[in-house]
Structures are given as C-alpha cells and as structure tokens.
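All values reported here derive from a predicted model rather than from experimental measurement. Sequential numbering from 1 along the given sequence is applied to the chain's residues.
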Amino acid sequence: MTRTTWRGLRLALLIGASASVLTAAPALADAAKKPVAAKPAHAWLNAKLSADARADLALKAMTNDEKFTVIFGYFGSDMKPKYTRHKDSHDASAGYVAGVPRLGIPGQWQTDAGVGVATQGSHQDLRPRTALPSGLATAATWNPELAFKGGAMIGKEARDSGFNVQLAGGVNLMREPRNGRNFEYGGEDPWLAGAMVAAQIKGIQSNHIISTIKHYALNGQETGRFVVSSNIDDAAARTSDLLAFQFAIEQSDPHSVMCAYNRVNGDYACENDWLLNTVLKKDWGYKGYVMSDWGADHSSAKAANAGLDQESAGDAFDKQPFFAAPLKADLAAGKVSQARIDDMARRVLRAMFASGLVDHPVVNPAPVDLPAATLAAHAKITQADAEEGIVLLKNDGDLLPLAKTAKTIAVIGAHADVGVLSGGGSSQVYPVGGRAVKGLEPATWPGPVIYYPSSPLKALQARYPGAKVVYDDGTDAARAAKLAAASDLAVVFADQWTTESQDVLDLNLPRNQEATIDAVASANKKTVVVLITGGPVVMPWLDKVGAVVEAWFPGTSGGEAIARVLTGEVDATGRLPISFPRSVADLPRPKLDGVGKPEGEMFDVDYNLEGAAVGYKWYDLKKIEPLFPFGHGLSYTKFAYANLTASAAGDKVTVSFDVKNVGARAGKDVPQVYVSPKAGGWEAPKRLAGFKKVSLAPGATQRVTLSVDPRLLAVWDSKAHGWSIAAGQYDIALGSSSRALSSTAQVTLAARSLPVSPTGK
C-alpha cells in the first residue's frame, strides 16, 4: 500500500469516518497492490509534454528571484584576487548557472568548446580529454556525417565530465584570413559552413546537452575585438554571415546563440536590437535563448530589451553583474518589463526541456579519467576526421603517396618528432598523455602553446621499419638541407600557432620556416611540405617543392592521420573550405584594421567594401587568381563527372549527375555545384549551392541528386524585407572546385518572392 493511501485511511479514522469508508479499506488495499504509473512531482517534469508547455508551466511556478537565477551565470575558474569561482561550478570550467532545486530545474554546467572539453585558467592539466581537429579541418572534410560523429563524441565527453552546456558551434565566415580564431570556424561559404557546423551541433546535442552557435555575428577579427564595429548593410549581411547562421540554426536547432564581443553597425552585438530581436527572433523565429560571450554584456535594461536572455560569468568579466541587482533595479524602475524578464527565463527553461537536459541530468563528478576503451574509440573518431580533412594541395609527379621503396627519409621541423600543434585560447583541450613539448611561450593566456602527443615521425617510422627515418628540428636551414640531400625523400613540417585574442599580422610562416623549406627543396627535389596551420599561408617556396599537404590543427590523433595520408593508407580526400591568397595585397583589406591603435580605442571595419563577396566570391568578382581556390583538393585516384541535368519546379531546383572513379584505387571525391544568373546582379559571379562526398571503388559510378536551397538563387530585398528570385536563366555548373568547373546546365526561373525563413514570417 502506498504511503499516500495509508495517510488517507489514517485521516479518515481520526475524524470518525463512516463504516462505508472502513469497509472500502480491503478494496483500497487491493488497488494499492496494482502498479500505478508514477506521476511527476511537478507537471512541467512530465516528459510527454512539449518543451513549450513545460516551460510555460515551470515559469508560472517560479518566483521572480528564481527567474533571475536562470538568466545569470558565474565563471568556473579562479581569477584571484578578483574572482573566486562559484562553489557549485566545475573547477577550470567555462561557467555555471544555478538551477532551481525546489522545481526540479538543474544547474547549467558550461564547457568550452568546439573541438572538445576544454580547461580554463592556470589549471590546464586538470581534465585531459580528446580533441577533434580544428573547425576548419572538419569543414575541409565536406562530410556532415563525420562532423556529426565528432560532435557526438565531444558531447559525450562533456556529459561524462559533468557538463550539460557546450560552447561550441563556431560558424563565423572567414572574412579576414589573418583572424587568429579562424581555426575554430567553418570556412568562407555560407552553405558549407552552415551545413558542417549544423552537423556538429546536432551531434553534440544528441547527448541531451545544450550546444551554442557562435559568435553572433560578424565577429571577423580578434584585433580590437571588444571595441571594433563591423559595419555592413542589411542585404550584404543577410547574404553572407547571417545566412551561414541561418542555415546552421535551421538544420540543427542549437538551443542557445552566443552573441559576440564586437559591435555591429555601432551597437554591441549583445545589445543589438536588429541582430537579436529583428533578425534572430522575429525573422528566423528562433525559440532558444541568447547568452553573452564572457565579457560581452555592457548593460542591463538595454541588453535585455535588445534581446539578450542570459549574462555569462557576469561578476567575473563584465563591468557589473548587469543581470543581477542592476536588472532588478531596472525592472522596479520600469526600464524593462516583467513580460521581458519572463520571456528571458522562459527561453532558458524551454532550451533545458527541449535538449533533454532536465530529463537526463548529468552526474557532476570531480575531474575524472575517462575509461581507456572510451578514449581509444574516441581517438579513432578524431583520427577519421583529421584524415578526411587533410588537403593535398600539390602533387607533382605523384610524389605522394610516399614511395614504399624509400630507404632514407628526412623528417624536418615543427616538433614532428613528438607531436602536432593545436590552436590557443578558450577552446584549448588539454591532451590525454600530456603536453608533447613544454616550456613554450606564451605560457599563460592565450596560451599555453600545446602540442598533442601524436608524433608524425613515429607514425612514419612504424610504416618504414626497414628504412632510416631521421629527424631534424629545422631550426638550422643549412643542417636540414644537408640531411635532405642525403635522403631519398624529405618531409618538412611547418606550423603556425594561431589563437583567440590576437591576429597574425601577415600570412607568412613564422620562425624562419620559409628559409628552411627553401633550403631543403633546393637540396632535394622530392620534398613534401606538411602545413599545420590555423588558416591559409602564402608560399613563396611553392614552385620548388614536389608536394604540399594542408593538415590544419589535426587534433589528438593528428600524427597518425598525417602518416596514413602521406603513405596512401587512405586517400587524400580533403577539399579547401577557404581560399588561399597569393599575397595579402589580394585581400579586401591588405592592412589589418585596428593594428597600432591604442587598446580600447573604438574603430570601424567597413565590410561593405566586399559586402557579401567573401572569400572565393571576392576573387571571382575582382578576377584575382588565388594561390589555391575554394573547394580545391587532389586525390590519389581520378574522378570524372557526366550526365549533368538540372530542372526547376517553382523555386525548387534539382540537380543530378554521375561521378565515376576512373583511377586505379578506391577514393573519395567532393563534386560541387555552383549557381549563377545569366543576367548577373549578384554579389559575385557564382555561389556554392550544393556538394556531396562520395566514396567509390575503382571503376564505380554513383548518381548524385541535390536540391538547391531557393535562397541561394535569390537576393535579399531590404525594402520588401524578404528574398527575391529574379526571372531569367541560371547556369548550374558542376566541378571539383570553384575554379575547376567541367560542365554546365541551365534552368529558367520565374520571378518569385520567398519568405524570410522557413520558420519565420
């Protein structure tokens, strides 16, 4: 008999219940023996209800103080003497938002970032975890399925580490190739970046945790990131950076959007009514919540009214804890409405219910070591990501794969004897196995500089047991050249550390590495250069070397992945998600805006200069030949395209074609579809409109069919506040890169207006 039934009978006896009640006792006892479905203690904890209904019910039960609780966050690391972390946060973590225990609402334990579970502060070795390759490397796979698996993996490690919010999902377009944070993002094209980042977000959120999408928006450089204003008109923004966010949000439903540090058209991104209210919440119908970046909130009522829903680590990074006492005072003074406070809290609650965060609470342990079997499985996932993201840029005379007959191989530079470089800043994941190289500067923020202990040298030595594989650190160009001259093959590793909070001033390789490459290539024509970089670099030595491979920041298993591609164990299947310029002189801004300005002095960047013509579109528009074009990447086999067809039905365009492996070995290709109007009128001659990664055995053919999103055929009409397709003929081009188009079909479209978004008005 349940406790509740006994209470009822006891009460009836105490008040002198009638005999009829007493005679009913046996029946009640029989009923109590039958299993009764347990009802949740609170209606909003009923998982059968929609996230919206649950949020409404929970909100009604909350006091105003409890509403303020879920919209204010704390930092998860000590910053003595200024700040001591919240007692309930996880040490060396990004942050913590308290829950409401009496209502069954858990806290939010937040972790950086998009390549894995990061650690913050000085305690960098607290939480060793698996690191994915950089965001650019994942984008270079052009494989959303792989991006999903990587997201699911780091999301699982986040959950296993006691976190239920992951600050991932960087989708900012690469407007500035010198941006120190480019490695975290998805490249230069809205369709590719949107699709790849969306897949990762879906993977992360498959673990019943919240993923953000960031940094919203137009966060194009780190120089002056707290004060710079990214100035751009409505149409150009919606056809470029905002379109990337829109695609990613529609495809993945990230439960939180993180607004950026920078200003947009004069207003801070986290108090920008146009960005947050008009575009995100009204036009796109976004139902999640907006959180500030750490230190990006500058006001209470203004930010709240402009659409900011949650202040992150407010008492550690912002000038005031704006969404605590100041916002309460603004509420009392009528500067912000109670309805707005309710909306802020409701959005956070809805995200917690929609993600499964409430129904699947995390275990909140002290830092723990993950099981060896888990780490081994996760190492394979990150290795697969790294392998498919490695781009073979040049391969004269089929120098790669490396000859199996080589007896002497020189491996030179970039600490390749012990590990591979990773990017710096808040996304830094401390590696399982510890740092491969110690004592590097900077040792503190935005460092430390960390090499993951996955040695390309050891991986190559394992594959050439009968050969002499010798390492030189590359710091002495003459010594390295002497080793190369005495070797059958030379593999030069060159790296470039990039990081949050600072940009690079040029695109040249640092630390005299260019001179080493030049000397080695002069000594041995069979020289391969492996680049481990955060973005594009210029290559004054390109004509001298036989092969060039871009490996990006390749993650926990990067050394093994690089060796497998170099030796041909797997095909070279990566394709560039960005353009490589020949010189900074070819960029829209040859000189980086803000360099040399006093710290804290506000300045503007005029993004109307290129508008929506970002990356390859700029080079197409200006008829500039890039060093390597967007979409480029070679393979160890050959592919051919045939039978391209395109048809239109209303605003729906369908494209089909055959891909055939005409080479002698299995491989993977990425056929790309570009669209352009015959009459012109776009920001650039063409746009990427579709792609598909295909895996084919020798001689095999696959028919591929793609649908083009109508917005990629349209322009944004600010006056009509919507998308507009112009009547006329459109070219549908198929190729292996933005500059290698092999066939073209045509469709004719009628004039048509489109809604702002499929989920908006």
Side-chain angles (χ1 to χ4, degrees), residues 133-134 136-143 146-147 187 192 382-404 406 409 416 420 456 459-460 463 489 491-494 526-533 536-537 539 542 545-555 557-578 580 627-641 659-672 691-698 700 735-740:
S134 65
L136 272 183
T138 298
T141 69
W142 293 60
N143 187 341
L146 204 55
L192 176 64
T382 186
Q383 180 180 314
D385 193 336
E387 288 170 3
E388 288 207 20
I390 292 172
V391 184
L392 179 57
L393 297 174
K394 177 181 179 180
N395 194 22
D396 287 355
D398 292 331
L399 180 55
L400 293 176
L402 296 172
K404 292 182 172 59
I409 302 175
V420 290
L460 287 171
R463 286 159 175 79
L489 301 167
V491 183
V492 182
F493 287 80
K526 294 184 177 180
T527 293
V528 178
V529 176
V530 179
L531 297 169
I532 301 178
T533 68
V537 294
M539 304 179 196
L542 180 62
V545 304
V548 182
V549 168
E550 175 58 75
W552 318 102
F553 295 146
S557 300
E560 187 73 9
I562 291 169
R564 278 168 56 82
V565 172
L566 292 180
T567 58
E569 287 182 37
V570 293
D571 188 25
T573 70
R575 304 293 184 261
L576 289 180
I578 55 175
F580 274 51
L627 185 64
F628 292 107
F630 174 83
H632 171 73
L634 305 176
S635 173
Y636 295 146
T637 187
K638 303 291 184 184
F639 299 93
Y641 308 142
V659 184
K660 183 175 182 180
N661 184 346
V662 296
R665 59 169 288 168
K668 295 181 180 180
D669 188 37
V670 185
Q672 301 155 41
F691 63 90
K692 176 71 174 179
K693 194 152 201 177
V694 294
S695 180
L696 294 171
S736 58
S737 81
S738 63
R739 291 293 178 100

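- Between the side chain of Asp571 and the backbone N or O of Lys668 there is at least one donor-acceptor pair closer than 3.5 Å.
- A 6.0 Å sphere centred on NZ of Lys693 holds more than 12 heavy atoms belonging to other residues, nucleotides or ligands.
- When all heavy atoms of Trp552 and Pro577 are compared, the closest pair comes out as CZ2-CD, 3.9 Å.
- For the residue pair Pro671 and Lys692, the shortest heavy atom distance occurs at CD-O, 3.0 Å.
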Derivation and outcome, side chain to side chain donor-acceptor pair (under 3.5 Å), residues Ser738 and Gln672: CA-CA 8 Å; Ser738 63; Gln672 301 155 41; over 6 Å; no
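- Between Thr138 and Leu146 there is no side-chain heavy-atom pair separated by less than 4.5 Å.
- Residues that satisfy the side-chain hydrogen bond (donor to acceptor under 3.5 Å, both in side chains) test with Thr141, not counting sequence neighbours, are absent from this structure.
- Nearest heavy-atom pair across Val662 and Ala640 is CG1-CB, 3.9 Å.
- Taking 4.5 Å as the limit, some side-chain heavy atom of Phe628 sits within range of a side-chain heavy atom of Leu542.
- Taking all atoms of both residues into account, the shortest heavy-atom contact from Gly546 to Lys394 is O-CG, 3.9 Å.
- Taking CG from Leu566 and CG from Leu392, the interatomic distance works out to 9.5 Å, rounded to the nearest 0.5 Å.
- Residues satisfying the salt bridge (charged side-chain N to carboxylate O under 4.0 Å, His left out) criterion with Lys526, sequence neighbours excluded, are absent altogether.
- Looking at Val528 and Val545, their side chains never come closer than 4.5 Å, going by heavy atoms from C-beta outward.
- Among all heavy-atom pairs drawn from Ile532 and Ala551, the shortest one is CG1-CB, 4.4 Å.
- Side-chain atoms of Val530 and Pro456, non-hydrogen and from C-beta on, never get closer than 4.5 Å to each other.
- One N or O on the side chain of Tyr636 and one on the backbone of Val565 form a donor-acceptor pair closer than 3.5 Å.
- Annotation: side chain of Ser736 is in contact with side chain of Tyr641 (closest heavy-atom distance under 4.5 Å).
- Between Phe639 and Val694 there is no side-chain heavy-atom pair separated by less than 4.5 Å.
- Residues Val570 and Glu387 come closest through the heavy atom pair CG1-OE1, 3.8 Å.
- Distance alone, capped at 3.5 Å, places no donor-acceptor pair between the Asp385 side chain and the Pro133 backbone.
- No donor-acceptor pair under 3.5 Å is formed between the side chain of Thr382 and the backbone N or O of Ser557.
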Full working for side-chain contact (heavy atoms from CB on, under 4.5 Å) between Met539 and Leu393: CA-CA 12 Å; Met539 304 179 196; Leu393 297 174; 3.8 Å; yes
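- The ring pair (Phe, Tyr, Trp, His ring centres under 6.0 Å) search around Phe630 returns Trp142, Tyr616, not counting sequence neighbours.
- Between Thr573 and Asn143 the shortest side-chain heavy-atom distance does not fall below 4.5 Å.
- Side chains of Arg564 and Arg463 form a contact here, defined as non-hydrogen atoms less than 4.5 Å apart.
- A side-chain donor-acceptor contact under 3.5 Å links Arg665 to the backbone of Gly568.
- A donor-acceptor distance shorter than 3.5 angstrom exists from the side chain of Asn661 to the backbone of Leu696, with no hydrogens or angles considered.
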